[in-house]
Structures are given as structure tokens and as C-alpha cells.
**Q** 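There's a structure below that I have some questions on.
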Number of protein chains: 2
Amino acid sequence: MLMPRRRPTSAQCPMDTILRRLMGPWTTYILWLLYSEGPLRFGAIKAKMPDISSKVLTDRLRDLESYGLINRDYRPSIPPSVTYSMTARANELHEVLEGLNMIALKWANEDAINQDQEHPMMEIMAETQN
Amino acid sequence: MLMPRRRPTSAQCPMDTILRRLMGPWTTYILWLLYSEGPLRFGAIKAKMPDISSKVLTDRLRDLESYGLINRDYRPSIPPSVTYSMTARANELHEVLEGLNMIALKWANEDAINQDQEHPMMEIMAETQN
DNA sequence: CTGTATCCGATATGATACTG
DNA sequence: CAGTATCATATCGGATACAG
């Protein structure tokens with residue numbers, strides 16, 4: 001007897017939910033863009049992510065919107081204009097994203113050193129949110 | 001002309017890599033277990049995750065190991081014993097995971113209130129790492 | 001006890017074309 | 001400009017059986 005397929009989840013782990021929302025693929029980068037560059041239009045986001053299709057970008061934006069992480073401002077001009085921005089809730093992620101980014105850069109640097117002793121590119125993406 | 005299928009990635013976003021490693025499914029919970037309970041044997045982990053199959057648990061453990069986030073201690077006794085534990089690198093995630101967990105709990109609580117005004121279960125999973 | 005080996009099917013990404 | 005519609009296929013989780 002087949003059970004209806006459940007989504008794999010570790011419901012016991014609160015982080016799991018949040019990570020599923022932050023994660024993938026592209027999602028984090030979208031948040032990062034809005035976070036570091038402020039509100040952006042659909043086309044502007046797409047321009048910064050040349051390899052994403054309209055369909056997937058739309059999907060990801062809809063996901064983020066439904067999670068309450070981004071706002072969608074629609075202006076029915078001709079042609080229409082849609083601008084996306086982070087919500088207050090998403091801004092609560094500030095510290096965490098900052099910490100995650102620092103660790104990510106640190107590890108990337110360490111990995112680079114381990115794989116190639118010659119090019120330990122230590123570019124701290126000194127990102128300024130203030 | 002078909003291009004070879006690439007994995008979807010936002011290589012520009014350092015966090016993306018790290019989130020792919022932390023994330024799913026089950027991965028976060030495995031880390032959380034090792035983090036909050038200390039080293040555990042394969043069977044002990046599986047016992048705490050009744051819904052995961054051996055295959056997937058093995059996959060996740062191998063992934064985490066290859067990322068340098070967990071150690072695998074193999075004792076060729078009879079029967080064999082394998083114990084998993086977090087690496088020093090994984091412990092660097094402590095602060096971030098703590099922050100993420102707090103946000104996750106906060107949002108889960110807010111969502112519960114919004115969806116049902118009666119059961120705003122505010123259980124702070126007062127997890128103590130010290 | 002700690003896994004491997006297969007096979008299957010759900011899901012989601014990607015390409016492409018098209019629209020208000 | 002900002003999407004939607006369709007279709008193809010890669011990927012990965014899950015079940016089951018088996019092994020050192």
C-alpha cells in the first residue's frame with residue numbers, strides 16, 4: 001500500500017523551514033540583491049542573473065512573496081512596472097545573513113588555499129549595508 | 001544545440017554554497033542533533049529520524065563529511081561501530097545557527113498566531129550548547 | 001551494525017514560444 | 001516590461017532487498 005508521498009522534512013527542526021525558504025536555487029541571491037541594492041524591478045533582477053529563465057525567476061519571486069520575505073509593487077503603467085523589495089520580516093535576517101556571508105567568504109578562502117597554495121584570494125566583499 | 005545541463009547556481013553569491021551544504025532535506029536536522037547531543041552513532045541518528053531511509057541518511061552523512069562539517073569515526077569491531085561528530089569548522093556555524101533558530105521560532109510563532117488566534121504556542125526551544 | 005545496490009516516481013529546472 | 005504556457009528531462013528522495 002502506497003502512502004501519499006510526503007515532502008521530506010525534519011519538522012522537528014525549526015531551521016529547516018526557514019532554510020527551505022532562503023534556499024534554493026537562486027533564492028538566496030535574489031534576497032542578497034534586494035538586500036544590498038535595494039528595491040529592483042523584474043528586468044533589473046533578471047539582468048543581474050543572466051542564466052535564470054523568466055519562469056524560474058517568477059517562481060522564486062512568487063515563493064519569496066508568499067513567505068512574506070519580499071514585497072511586489074505593481075504599477076499598471078504602459079508598459080507595466082513591477083518593483084520588488086525586502087519586507088520588514090526579511091530584514092530580520094540581516095544579522096544572520098551577514099554572519100553567513102562572512103563564514104562563506106572565510107571558507108571559500110580556506111578552500112582556495114587548500115586547493116591551490118598560490119592564489120589565496122582573500123577578497124573580503126566588504127559589503128556595506130549602512 | 002543543447003548545452004550540457006548545469007547545476008543551477010548563483011556562483012556570485014557565496015552564501016549559496018554554504019546554504020546548499022546546510023540545507024536539505026534532513027541535513028540541518030542531522031547537524032542540529034550532533035550539535036545539541038554530541039557525537040552519535042549511525043543507528044542513534046537513524047533512531048531519532050524514523051522517517052529517513054538508510055540510503056538517504058548515508059547520502060547526507062557523506063555530503064556533510066565531504067564538506068568537512070562532520071567527522072566519521074569508524075571502529076572495525078564486530079559488529080562495526082561508526083560515530084559521527086561535528087568538526088571545528090561546523091562549530092563556526094554556532095552563532096549563525098543560533099540566530100537562525102531564534103528567527104525560525106519567532107516566525108513560526110507569528111505564523112501560528114496569524115493562522116489561529118487561539119494557539120500561539122510560544123515554546124522557546126531553550127537549547128543550551130554550553 | 002552500518003551500510004550498498006536497484007529501481008521507481010515526484011519534483012523542479014530549463015528551453016522555447018507566446019501575451020496583455 | 002513582466003510575465004505565462006508547454007514540454008522535456010535531470011535530479012533526488014523513497015522503498016526494498018541485500019551484504020560485510
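A note on names: the letters A, B, ... follow the listed sequences, proteins ahead of strands, and every chain is numbered from 1. Predicted, not measured: the structure shown is a model, and the values here were computed from it. Computation of the quantities below employed the complete heavy-atom set of this structure, encompassing side-chain atoms and omitting hydrogens, waters and symmetry-equivalent molecules.
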**Q** My understanding is that only one of A/T83, A/L64, A/V82 makes a side-chain contact (heavy atoms from CB on, under 4.5 Å) with A/R72; could you say which?
**A** A/V82

**Q** Would you please indicate if the ring centroids of A/W32 and A/Y35 are separated by under 6.0 Å?
**A** yes

**Q** Taking only side-chain nitrogens and oxygens of B/W26, does any of them come within less than 4.0 Å of OP1 or OP2 of D/dG14?
**A** yes

**Q** Taking C-beta and beyond as the side chain, do B/L34 and B/I30 meet within less than 4.5 Å on heavy atoms?
**A** yes

**Q** Report yes if some heavy atom in the side chain of B/T27 is under 4.5 Å from a heavy atom in the side chain of B/Y67; otherwise report no.
**A** no

**Q** Is there a residue in residues 76-86 of chain B whose heavy atoms reach under 4.0 Å of DNA chain D, and which residues are they?
**A** B/P80

**Q** Whether the side chain of A/T87 engages the backbone of A/L69 through a donor-acceptor N/O pair (distance < 3.5 Å, no angle test) should be reported.
**A** yes

**Q** Sequence neighbours left out, what passes salt bridge (charged side-chain N to carboxylate O under 4.0 Å, His left out) with A/K46? Give chain and number order.
**A** none

**Q** Residues in salt bridge (charged side-chain N to carboxylate O under 4.0 Å, His left out) with B/R89, at least two apart?
**A** A/E110, A/D111

**Q** Please identify each residue that fulfils salt bridge (charged side-chain N to carboxylate O under 4.0 Å, His left out) with A/E95, with sequence neighbours left out.
**A** none

**Q** Is any side-chain nitrogen or oxygen of A/R41 closer than 4.0 Å to OP1 or OP2 of D/dA2?
**A** yes

**Q** Is any NZ, NE, NH1 or NH2 atom of the basic residue among B/D63 and B/R60 found under 4.0 Å from an Asp or Glu carboxylate oxygen of the other?
**A** yes

**Q** Kindly calculate the angle separating the two end axes of the helix from C/dC1-D/dG20 to C/dG20-D/dC1, each obtained from five base pairs, and round it to 10 degrees.
**A** 60°

**Q** Below 4.5 Å, heavy atoms only, C-beta onward: do A/L33 and A/K48 meet side chain to side chain?
**A** yes

**Q** Short of 4.0 Å, heavy atom to strand atom, which residues of residues 55-74 of chain A count as contacting DNA chain D?
**A** A/K55, A/T58, A/R62, A/R72

**Q** Nearest whole Å is fine: how far is C/dT16 P from A/I52 CD1?
**A** 16 Å

**Q** For B/D51 and D/dT16, give me the distance from atom CG to atom P, rounded to whole Å.
**A** 13 Å

**Q** For the pair made of NZ in B/K46 and P in C/dT2, what is the distance, rounded to whole Å?
**A** 11 Å

**Q** Could you check if a side-chain atom of A/F42 sits within less than 4.5 angstrom of a side-chain atom of A/L57, using non-hydrogen atoms only?
**A** yes

